[in-house]
Student: 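The structure follows.
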Amino acid sequence: MTESESASDNQRPWQSYHTVYTNAKAGMDGVDKEKVQRIVYEMSKGSKYFENEERKEAFIRQKIEHMRARAAKLSATDLSHYQKVVDKRILELEATRELSRIWLHVDMDAFYAAVETLSNPSLKGKPVAVGSMSMISTANYEARKFGVRAAMPGFIARKLCPELIFVPTDFKKYTYYSDLTRKVFRNYDPNFMAASLDEAYLDITGVCKEREITGEEIAEELRSRVHEDTGLTCSAGVAPNRLLAKVCSDINKPNGQFVLPNDRMAVMAFISSLPIRKIGGIGKVTENILRGVFGISTCEEMLRKGSFLCALFSRSTADFFLSVGLGLGGTDMPEARFRKSISSERTFSATQDAALLYQKLADIAEMLSADMQKEGLSGRTLTLKLKTASFEVRTRAMTLQKYICSRDDVLKYASKLLKAELPISLRLIGLRVSHFNEDKGGVPVDPTQKTLTTFLISEDASRRIVNDHSSLGPDLSDLHFMNERETALSMDSHETCQYEFGNPFESTHLPDMDDNNCISSENAWEMEKTCELSNNKTAAMVKTADWIVPTPKSPKKEILRVSEEDYSVQRESEDSNPDRLNKETSGNEEPFSSNEMKQLFWVDDYKCSLCGAELPSCFVEERQEHFDFHFAEKLQREESVLDSSALMPRQRIVPKDCVASQSRRKKQKSQVSKICYPNPRIPCRTQTVAVSQLSVSPLQSSSNQISPKTHLNTLQTGTKPYDRTTSNVIKEATISKPSMSDILASSRAQNFDLQLQTLGPFFRITAKSLDTNRELGRAEGLIRVWFGGRILHLDSIRLKRETLGMERSIFGIGLFIGAVAIRYGYDCGCKTAELLAINDSDLYHSKLVRFYKRIGFKAVHEVTGSTIGDMPHMLIWGGIGTRMDASVEELLVKWCSRLKSQK
DNA sequence: GCGGATCAC
DNA sequence: TATGGTGATCCGC
């Protein structure tokens, strides 16, 4: 932010409060925007809604910063590569340009307000808003002069325009008039596409030819006939495609029209200066990102910055942006689309009274069930939507074995979902059912879903009547048919190459295995790694080819889903270091020999001779630890030449009954509860759920589940999620230990992101690079109940190979992952942490034990397998080695300085 | 499949 | 006093 900007922010803070209301809309030309902005700001300031908007804005700003950084990192080589990609892509898109069809978009002027004025002529000439004090649906043009507009709360609108007349919505009326307009539309295109009650797209190519008149004349005629039949005015846009027609209908609103000729030059001239926000599909956020990151504000600039767009967005998104820059849009008639979900939600005054919330839930379930039965629908996925008193929105979903539609069924499962969220203070509850029974019939869903490319090219899509749903009410006829981005770009169901071995967090199919249906964890790990590696490589390479020579029928869909970052990383490695790929794939490097290990020394008494990491000589322990890292790397390489990863203590052999437990776990899948810790610098909702949310997994509501509970919970005042950092009492209790946010802040300072997932008693912690989004390592374990209290059972900690070369490994990603586990255990009330330093070979075993001792564990038992007493240990741990324990609290204290000083 | 976010009307 | 409801899609797990 520049100085002048921040200065004006201080003097005129409303300028930094971005709402959708300032978006230029028809009829708002003469509005004093500064004044509107100020009033909106002043009316909103300090409210919960406002605070939430600020949180969201901060999040977007951060996103923009991150993308900016990524854009800045692109090398000249990268950019010239992407420029070639763009040039090629533009040619391909250009080849799909279709100028033979004439589309007309018709949009009723201030529809609801106009209808109300029709039925109550005394409103004529006066400012009218349809809606309530809390929300306005439509404002007429008289009201818009004051800055009043749709989606604005009524009480703010009244402040802007004290004379404003409020009229409640009456959908019956609007549907009646909508039907009248549609009768007119049908004369020009019997297959017209209704976009909503007041908007439609008509392909008037045929009628223009038949009557040998221009699109302009058709538009004039249609508009006057609509006026004759309804008394309402409308605006129209005529253009070679729907995207442009929609933009055109907005130009001479109200009661006007604009015609864009079917001529490439005319289209390009039109698009060149068009603000991107005018394009359907580009909203407030996308506009902000495009402007903030790339300085794009007009469609033409999409083409100029094409290389950046291709580098930073997914292919489909980049394609959409480029096609916007070229003024391309849908010209064919898309297939009829059927409803995919049905929902019901209500806002009420915020409450945390559980009984009241259940009552609201029952009401919603009732309404939803009634709607479903009206439509003859039943579905198997139920989604609960919640909006907290602070306007944070959450959804919780479950997919059932059976299809449901009855009130009782809906309520039964919805209650389970809600129960897991209590206690909570809510202002909205909603329910949605999807995965309809009819889905299986395959009628509505095109089996060969189109990509944007094929969508743009294909003109042969069979025409279907999509406008004759009047009897079904507004819901169905209001489905969106016109948004190419939405209708054409869905590419679902990528298959990842993953094998699961008794992992409670994942439950896809088992790989083909031996007769005994069992596989050692070693093999599992190897297979997973091998597969992951080859998969990534193939994907990246095919992706490269795909960009350059797109194949309409891509061999594997998942390939297209490879993230852009993977792509750029791959490119980088190809460009700058051709050997890297070979290294990674050959996997035949010689592991460190014992001699090589000895070669670790400190260059200039400061720098590691093996990896270049710098560490002053006074860091004795850290140096030892650093040595251990290289040692772990060596262990890993020696253990598996195929395995490209380094494995820091790996323990565990999957028991023989893994298949049985697998299937049991499969059933639990939909109930995985995931907790993400967002960047602590960003105030957003998940931050405060750090601990309290851990107890919400539906699984944990059943009797034998461990409900992670923090000793700090007892200090909670009650319902509101507490904030450790602001409560003095709580601060006192944690002062000597790193909090979860401390740990996360430290990890983020080192540019990686930690995530904790729980499933009942099980947990998993994964570390990901913020730069590449790749996983760097993970830990898994569970909280188990024992006589003396709960125990944090650490099953495995794995680090990926790329972690090891990094400078940050001085402080060890493993340490951070461990720290999250320990902190989680601490918050769950565990006093003790336990693990098994596996004894695969004596040589490494003693090293492993030393490593664990250094970080705070003590050996408690040697599991040798030679005594009967070892049986329980072996059953639990699946192997032999040294059982080691540590005090959770002591570990936290011991690691404190490191985890708190990294910020 | 889930959850968050965005978008449109 | 007070900031909606419905449906769809995309992305990243």
Side-chain angles (χ1 to χ4, degrees), chain A residues 19-21 40 43-44 47-50 52-53 56 59-60 63 107 111-112 131-138 150-158 169 171 195-199 246 279-287 289 313-314 316-317 320 337 339-347 349-350 368 371 380-381 383-385 387 391-399 427-428 430 432 434-435 474-476 478-483 485-494 496 505-508 561 563-565 669-676 678 684-686 755 757 766 768 773 775:
Chain A
T19 63
V20 291
Y21 317 130
V40 170
M43 297 294 287
S44 302
S47 68
K48 297 260 173 65
Y49 173 82
F50 180 85
N52 190 250
E53 288 299 297
K56 290 197 304 196
F59 188 78
I60 293 167
K63 193 172 172 181
D107 191 344
F111 184 54
Y112 298 172
S132 70
M133 222 27 113
S134 51
M135 188 52 61
I136 289 175
S137 292
T138 314
M152 179 182 273
F155 66 94
I156 293 181
R158 196 174 54 183
T169 50
F171 279 94
S196 67
L197 281 182
D198 71 325
E199 274 184 47
K246 164 100 175 138
I279 302 294
I282 298 182
K284 189 181 89 168
V285 174
T286 310
E287 180 193 27
I289 289 173
F313 289 102
S314 72
S316 56
T317 306
F320 170 68
R337 297 170 65 83
R339 175 208 280 289
K340 292 187 173 58
S341 71
I342 185 165
S343 67
S344 187
E345 67 187 54
R346 286 295 176 276
T347 295
S349 53
L368 179 60
D371 288 349
R380 48 187 282 261
T381 297
T383 306
L384 172 71
K385 176 179 171 183
K387 196 187 280 179
F391 286 86
E392 299 149 7
V393 176
R394 303 177 194 172
T395 59
R396 296 290 179 262
M398 69 199 304
T399 299
R427 71 188 323 278
L428 173 144
R432 179 167 74 247
S434 49
H435 256 120
D475 285 339
L476 196 53
D478 282 1
L479 286 177
H480 302 223
F481 294 103
M482 70 304 179
N483 191 328
R485 204 166 154 236
E486 289 180 357
T487 57
L489 295 181
S490 58
M491 274 184 295
D492 285 331
S493 73
H494 68 296
T496 51
F505 289 89
E506 289 150 17
S507 62
T508 57
R561 297 282 293 243
S563 82
E564 211 43 50
E565 280 165 320
K669 185 179 177 192
S670 66
Q671 302 183 333
V672 170
S673 128
K674 186 162 78 181
I675 293 101
C676 298
C684 73
R685 74 154 188 87
T686 39
Q755 198 182 66
Q757 293 169 279
T766 43
K768 271 189 151 187
N773 208 26
E775 186 177 319

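Residue numbers start from 1 in every chain, and the chains themselves are labelled A, B, ... in the order their sequence lines are given, proteins ahead of strands.
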Student: Just checking A:Phe313 against A:Phe320, ring centres under 6.0 Å apart?
Tutor: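 No - the distance between ring centres of A:Phe313 and A:Phe320 does not fall below the 6.0 Å cut-off.
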Student: For C:dT1, does either OP1 or OP2 sit under 4.0 Å from a side-chain N or O belonging to A:Ser349?
Tutor: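 Negative; the distance criterion is not met.
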Student: Would you say A:Thr399 and A:Thr381 are linked by a side-chain donor-acceptor pair, where the criterion is simply a distance under 3.5 Å?
Tutor: yes
Student: Ignoring hydrogens and geometry, is there a side-chain-to-backbone donor-acceptor pair from A:Tyr21 to A:Ala151 under 3.5 Å?
Tutor: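 Checking the backbone N and O of A:Ala151 against the side chain of A:Tyr21, a donor-acceptor pair under 3.5 Å is found.
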Student: Does the side chain of A:Thr399 get closer than 4.0 angstrom to OP1 or OP2 of B:dC2 through an N or O atom?
Tutor: yes
Student: Out of C:dC13, C:dG7, B:dC2, which nucleotide sits closest to the side chain of A:Lys768?
Tutor: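 Among C:dC13, C:dG7, B:dC2, the one nearest the side chain of A:Lys768 is C:dC13.
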Student: If each of A:Ser343 and A:Ala151 is mapped to the nucleotide of DNA chain C with the nearest heavy atom, which maps nearer the 5' terminus, i.e. the 5' end?
Tutor: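 First, find each residue's nearest nucleotide; the 5'-ward one identifies A:Ala151.
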Student: If you compare every side-chain N and O of A:Thr138 against the phosphate oxygens of B:dC9 (OP1, OP2), does one of them come in below 4.0 Å?
Tutor: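 No, outside the criterion.
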Student: Taking the side chain of A:Thr395 as its heavy atoms from C-beta onward, which of B:dG4, B:dC2, C:dA2 lies nearest to it?
Tutor: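 Among B:dG4, B:dC2, C:dA2, the one nearest the side chain of A:Thr395 is B:dG4.
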Student: Starting the side chain at C-beta, find the nucleotide from B:dT6, C:dA8, B:dC9 nearest to A:Ile60.
Tutor: B:dT6
Student: Which nucleotide, C:dT6, B:dC2, C:dG7, lies nearest any side-chain atom of A:Glu345?
Tutor: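 Looking only at heavy atoms from C-beta outward on A:Glu345, the closest nucleotide is C:dT6.
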Student: Rounded to the nearest Å, what distance is computed from the CE atom of residue A:Met398 to the C1' atom of nucleotide B:dC2?
Tutor: 12 Å
Student: Base, sugar-phosphate alone, or nothing: which one does A:Leu384 contact when heavy atoms must sit under 4.0 Å apart?
Tutor: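 No contact at all - A:Leu384 keeps every heavy atom at 4.0 Å or more from the nucleic acid.
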Student: For a quick check of understanding: with a heavy-atom distance under 4.0 Å over all strands, which category does A:Ser344 fall into, base, sugar-phosphate or nothing?
Tutor: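 Contact class for A:Ser344: sugar-phosphate only.
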Student: Would you indicate, yes or no, if B:dG4 has its OP1 or OP2 atom less than 4.0 angstrom from a side-chain nitrogen or oxygen of A:Arg396?
Tutor: yes
Student: Which part of the nucleic acid, if any, lies within reach of A:Arg380 when heavy atoms closer than 4.0 Å are counted: base, sugar-phosphate only, or nothing?
Tutor: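 Counting heavy atoms under 4.0 Å across all strands, the contact made by A:Arg380 is with sugar-phosphate only.
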Student: Please work out if A:Ile136 contacts a base, only the sugar-phosphate, or nothing of the nucleic acid, heavy-atom cut-off 4.0 Å.
Tutor: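 No contact at all - A:Ile136 keeps every heavy atom at 4.0 Å or more from the nucleic acid.
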Student: Between A:Thr317 and C:dC11, does any side-chain N or O lie under 4.0 Å from OP1 or OP2?
Tutor: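 So the side chain of A:Thr317 is within the cut-off, an N or O lying under 4.0 Å from OP1 or OP2 of C:dC11.
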Student: Between C:dG5, C:dC11, C:dG7, which one does the side chain of A:Thr347 approach most closely?
Tutor: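 Ranking C:dG5, C:dC11, C:dG7 by closest atom to the A:Thr347 side chain puts C:dG5 first.
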Student: Could you check which of C:dG5, C:dG4, B:dC9 has an atom nearest any side-chain atom of A:Lys387?
Tutor: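 Of the candidates, C:dG4 comes closest.
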Student: Select one nucleotide: of B:dT6, C:dG5, C:dC13, the one nearest the side-chain heavy atoms of A:Arg346.
Tutor: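 Between B:dT6, C:dG5, C:dC13, the one nearest the side chain of A:Arg346 would be C:dG5.
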Student: Taking 4.0 angstrom as the limit, do A:Lys387 and A:Glu345 come out as a salt bridge?
Tutor: no
Student: Kindly say if A:Thr383 contacts the phosphate of B:dG3, meaning a side-chain N or O under 4.0 Å from OP1 or OP2.
Tutor: no
Student: Please check the phosphate of C:dG7 (OP1 and OP2 only) for any side-chain N or O of A:Arg339 closer than 4.0 Å.
Tutor: yes
Student: Using a cut-off of 4.0 Å on non-hydrogen atoms, how would the nucleic acid contact of A:Lys48 be classed: base, sugar-phosphate, or nothing?
Tutor: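 Nothing, no heavy atom under 4.0 Å.
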Student: Looking at C:dG7, B:dG3, B:dC9, which one has an atom nearest to any side-chain atom of A:Lys246?
Tutor: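 Per side-chain heavy atoms of A:Lys246, the pick is B:dC9.
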Student: Between A:Ser314 and A:Thr317, do the side chains contain a donor N or O and an acceptor N or O under 3.5 Å apart?
Tutor: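 Yes, side-chain donor-acceptor contact under 3.5 Å.
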Student: A:Ile279 CD1 to B:dT6 C1': how many Å, rounded?
Tutor: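 Between C1' of B:dT6 and CD1 of A:Ile279: 17 Å.
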Student: Return the CE to CE distance between A:Met43 and A:Met152, rounded to the nearest 0.5 Å.
Tutor: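 Atom-to-atom, A:Met43:CE and A:Met152:CE are 10.5 Å apart.
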Student: Which one, B:dT6, C:dA8, C:dG5, comes nearest to the side chain of A:Thr286?
Tutor: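 Side chain of A:Thr286 sits closest to B:dT6.
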Student: Side chain of A:Ser196 only, heavy atoms from C-beta on: which candidate in B:dC9, C:dG4, C:dA2 is closest?
Tutor: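 Looking only at heavy atoms from C-beta outward on A:Ser196, the closest nucleotide is B:dC9.
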